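Read through the structure below, which is laid out as structure tokens, and then see the notes.
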2 protein chains.
Amino acid sequence: MKRPTISDIAAEAGVSKGAVSYALNGRSGVSEETRQRILTIADRLGYQASMAARALAGTRARVIGMALPRPPATLGIEPFYMELISGLEAELSLHGYGLLLQMVPDESEEITCYRSWWRESRVSGVLVCDLRVRDRRVKALGEVGLPAVAIGPPSAAGSLASIWSDDGVSMIEAVEYLAALGHRRIARIGGIPQLAHTAIRTDAFLAVGRRLGLAATIASTDYSAEDGARATVRLMEMAAPPTALIYDNDIMAIAGLSAIREAGLSVPGDISIVAWDDSPICPLLDPPLTALTRDIGAYGRHAARLLLAAVQGAGVKDVHDEPALLTPRGSTAPPRVSDETAV
Amino acid sequence: MKRPTISDIAAEAGVSKGAVSYALNGRSGVSEETRQRILTIADRLGYQASMAARALAGTRARVIGMALPRPPATLGIEPFYMELISGLEAELSLHGYGLLLQMVPDESEEITCYRSWWRESRVSGVLVCDLRVRDRRVKALGEVGLPAVAIGPPSAAGSLASIWSDDGVSMIEAVEYLAALGHRRIARIGGIPQLAHTAIRTDAFLAVGRRLGLAATIASTDYSAEDGARATVRLMEMAAPPTALIYDNDIMAIAGLSAIREAGLSVPGDISIVAWDDSPICPLLDPPLTALTRDIGAYGRHAARLLLAAVQGAGVKDVHDEPALLTPRGSTAPPRVSDETAV
DNA sequence: GATCGTTACTGAACCGAGAAAGTACGCCAG
DNA sequence: CTGGCGTACTTTCTCGGTTCAGTAACGATC
């Protein structure tokens, strides 16, 4: 099969290529009558402009690039990325944009990847995930001038526009909820400390802990199930162990649940647990996990809109999405009475 | 920043664009000395060929397209796709290929998507997932002549080369294992019946059930947690309910586990369960799920290799990957004695 | 009725590569 | 000394769009 080109249409309509281009792009320079004739022919021929030719001629390639941190044993399990991509893609394809995906092992490779994309004119913009506290990618993207939007707090996004939800208020909500149940010793099993949102959650956790006069402990992990379980065990071995745990993702919460049971304790009888980012699995577990829920798909859609605006050269400003809300389920309950007063 | 082109290199080396093109593509027509000089300059300038220009000139776009069925509430949870994409991408980026992702709501839209990709010269090949029993996509792809490789049984792939693992032998292994434990009434909670691999699993399930003289029941679902739970409840309400269940994915197995507990029964005491496709969550549950394990990443890598060969016009033949192997864990045990003899 | 402005186009250049055809030169054989 | 051939290039064309500089036709204006 041969694909129809702009010249085919021009020949059939008896006009020049230029006229066809004007007609198809809705620009002035052709009469309404001619435009309609050209559009009809284009439609009949099933014409679609070649992206390669279009990109070469200087118009945008209509592709958005996204580099994903290669699985630190977690990418595949957390539904976060798939849901994000799903929302992202829904909005992009609405505007005829494609999504180019690439897995990268580390930050340097990611920067190399962006440089390559730019030099090859592969993408018209990129979406940056997992902002770090001091993120080298921001500067690198600025240097090549590739339009970009970051997912994460504006404080870490530097010159890039960012889309974010306030993890601080969600953390406060979770801690206040646990405190209201009567918990006095709580711990946070956080993700990779270098990530900007991890830092924000940690700060909020410590601040609200101080305000409420709680014993607040923090453990850092790489988001993996193993690390989550290890951290849980360490916390349970403390002299005055926490009675409630807040995990930074659901896979660690599940691993933690399993570790707690192995230690002969029960959830929520002995220990309450909360997972960050609700997944369809959370309500199915025994007990169902109390979780911080947010609409990740919407997050992706908003990110796409912001990025498309940036690609089109519009001045874009940070977008603040809804924060995650607490969904209380069976994994949280008041602590045993003996624990209630001690700190 | 301006990106360096082939002309920049030509100017700097004092030769023509043509010579540079020969040198960079390792073709004859330039002296070894000139080639080295050109390569050095290209390297210093950080040159990479523009994909747009390359694609336009007829060489391949070095992009592989993949259309994903939009979440029937399951895409995000099952780690299958993410792991597949991860393996796929690892191999593709090794060869300088990108992966273009698109979510599609149904088969017609998917075909429309392929046609668009082809007309726009967006991709050099596509990977087709979730083969159906009679798959319209096979014919559509053949019509436009877009190189394609299917993931699924060759019987459904028609003219497309396919990469597959024999789900039949895995099913036989699982059923024989349950029969060896003493189960006589087993059920399969299958996925979408139209999918080719679902049909293969079902056929194998029934065949081995007959051979071993078991009461073998089948339920069909859309892979969602809700459907999995519903099917489980229906099966438990049978006059002579099954003592072992084989789920087509882990999310349904988890939902089933929850439904069984709600009915006041225990796993594996009253009912044994097996999940297809092991995920990092399976071993963490209580009890840990017995699962059919396979290396999905390798599956993706092999698919990528096959597709790259197809794109380069090599004659490709079907590739048979390792079948999933049973990983016995705590969710399977012999049935209660009272159940053992009855059929 | 000459001038101006607008509309509706045409023709050609251009983007950055690949590929084919053309050319200059050196070398060797007859 | 000429013809033929291979090497090492250069020139030119092409891919399929976009864009810009013309230009012909026409109506309005002074």
Side-chain angles (χ1 to χ4, degrees), chain A residues 1-39 41-42 45-63 96 116-122 124 312, chain B residues 1-39 41-42 45-63 96 116-122 124 312:
Chain A
M1 239 205 225
K2 194 192 159 302
R3 90 194 84 223
T5 72
I6 206 169
S7 302
D8 297 335
I9 300 178
E12 188 145 346
V15 296
S16 68
K17 292 193 327 177
V20 176
S21 177
Y22 290 144
L24 293 175
N25 293 302
R27 299 178 38 174
S28 64
V30 277
S31 65
E32 197 48 41
E33 187 199 327
T34 311
R35 184 192 304 279
Q36 284 310 324
R37 191 158 42 92
I38 289 174
L39 288 178
I41 294 172
L45 262 44
Y47 170 83
Q48 275 178 265
S50 152
M51 274 302 147
R54 201 172 245 180
L56 184 56
T59 328
R60 310 279 48 182
R62 288 176 184 261
V63 176
S116 285
W117 278 348
W118 170 73
R119 285 198 287 233
E120 297 174 316
S121 303
R122 253 190 205 276
S124 4
Q312 277 144 32
Chain B
M1 239 204 225
K2 197 195 157 298
R3 91 194 84 226
T5 72
I6 205 170
S7 302
D8 298 333
I9 300 178
E12 189 145 346
V15 295
S16 69
K17 294 191 332 174
V20 175
S21 177
Y22 290 143
L24 293 175
N25 293 303
R27 298 178 37 177
S28 65
V30 276
S31 64
E32 197 47 42
E33 186 200 328
T34 311
R35 184 191 305 277
Q36 284 311 325
R37 191 157 42 93
I38 290 173
L39 288 178
I41 294 173
L45 263 45
Y47 170 81
Q48 274 179 267
S50 151
M51 274 303 147
R54 203 173 242 179
L56 184 56
T59 328
R60 310 280 50 183
R62 290 177 183 261
V63 175
S116 284
W117 279 349
W118 170 73
R119 286 199 288 233
E120 297 175 317
S121 304
R122 252 191 207 274
S124 6
Q312 277 144 32

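Computed from a predicted structure; not experimentally measured.
- Here the closest heavy-atom approach between residue A:S124 and residue A:A61 is recorded as OG-N, 3.6 Å.
- In terms of position on DNA chain D, the residue among A:Y22 and A:K17 whose nearest nucleotide sits closer to the 5' end is A:K17.
- Residues from residues 2-15 of chain A lying near DNA chain C, meaning a heavy-atom separation below 4.0 Å, are A:G14, A:V15 in numerical order.
- Rounded to whole angstrom, the span from the CD atom of A:Q48 across to the P atom of D:dG17 amounts to 11 Å.
- Put simply, A:S50 has no side-chain N or O that comes within less than 4.0 Å of OP1 or OP2 on D:dG17.
- A:R54 places its CZ atom 8 Å from the P atom of D:dG17, with the value rounded to the nearest Å.
- Looking at heavy-atom distances under 4.0 Å, A:G58 makes no contact with the nucleic acid at all.
- With sequence neighbours excluded, the residues satisfying side-chain hydrogen bond (donor to acceptor under 3.5 Å, both in side chains) with A:T34 are A:S31.
- When the P atom of D:dG16 is taken as reference, atom CG of A:L24 falls 15 Å away, rounded to whole Å.
- Looking at residues two or more places apart in sequence or on another chain, you find a side-chain hydrogen bond (donor to acceptor under 3.5 Å, both in side chains) between A:S121 and B:R3.
- Here the C1' atom of nucleotide D:dC20 and the CZ atom of A:R27 are 10 Å apart, to the nearest Å.
- For the helix from C:dG1-D:dC30 to C:dG30-D:dC1, the angle separating the two terminal helix axes comes to 60°, with each axis derived from five pairs and the value rounded to 10°.
- Annotation: side chain of A:Y47 is not in contact with side chain of A:I41 (no heavy-atom distance under 4.5 Å).
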Quick one, give me the B/S/- string for nucleotides 22-27 of chain D, reading 5' to 3', where B means a protein heavy atom under 4.0 Å from the base and S means that only happens at the primed atoms, P, OP1 or OP2. ------
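- Residue B:A19 is classed as a base contact, given a heavy-atom separation below 4.0 Å to a base.
- Among the atoms of the strands shown, none is found under 4.0 Å from any heavy atom of B:S121.
- Residues satisfying the side-chain contact (heavy atoms from CB on, under 4.5 Å) criterion with A:R62, sequence neighbours excluded, are A:M51, A:R54, A:Y97, B:R122.
- Within the nucleic acid shown, A:G18 comes within 4.0 Å of at least one base atom, counting heavy atoms only.
- Reading DNA chain C from its 5' end, the first and the last nucleotide to sit under 4.0 Å from a heavy atom of chain A are C:dA8 to C:dG16.
- Between A:G46 and A:P4 the shortest heavy-atom distance is O-CG, 4.0 Å.
- Every residue meeting the side-chain hydrogen bond (donor to acceptor under 3.5 Å, both in side chains) condition with A:R119, not counting sequence neighbours, appears here in chain and number order: B:Q48.
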Taking only distance into account, with no hydrogens and no angle test, what donor-acceptor pairs under 3.5 Å do side-chain atoms of residues 13-29 of chain B form with protein atoms, sequence neighbours excluded?
from  : atom 1 : to    : atom 2 : distance (Å)
B:S16 : OG     : B:A19 : N      : 3.4
B:S21 : OG     : B:N25 : ND2    : 3.4
B:N25 : ND2    : B:S21 : O      : 2.8

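- Remark: A:R35 pairs with A:E32 by the salt bridge (charged side-chain N to carboxylate O under 4.0 Å, His left out) rule, at least two apart or across chains.
- Atom-to-atom distance recorded for A:L45:CG and A:T5:OG1 is 9.0 Å, nearest 0.5 angstrom.
- Closest to the side chain of B:S16, out of D:dT11, D:dG17, D:dC20, is D:dT11.
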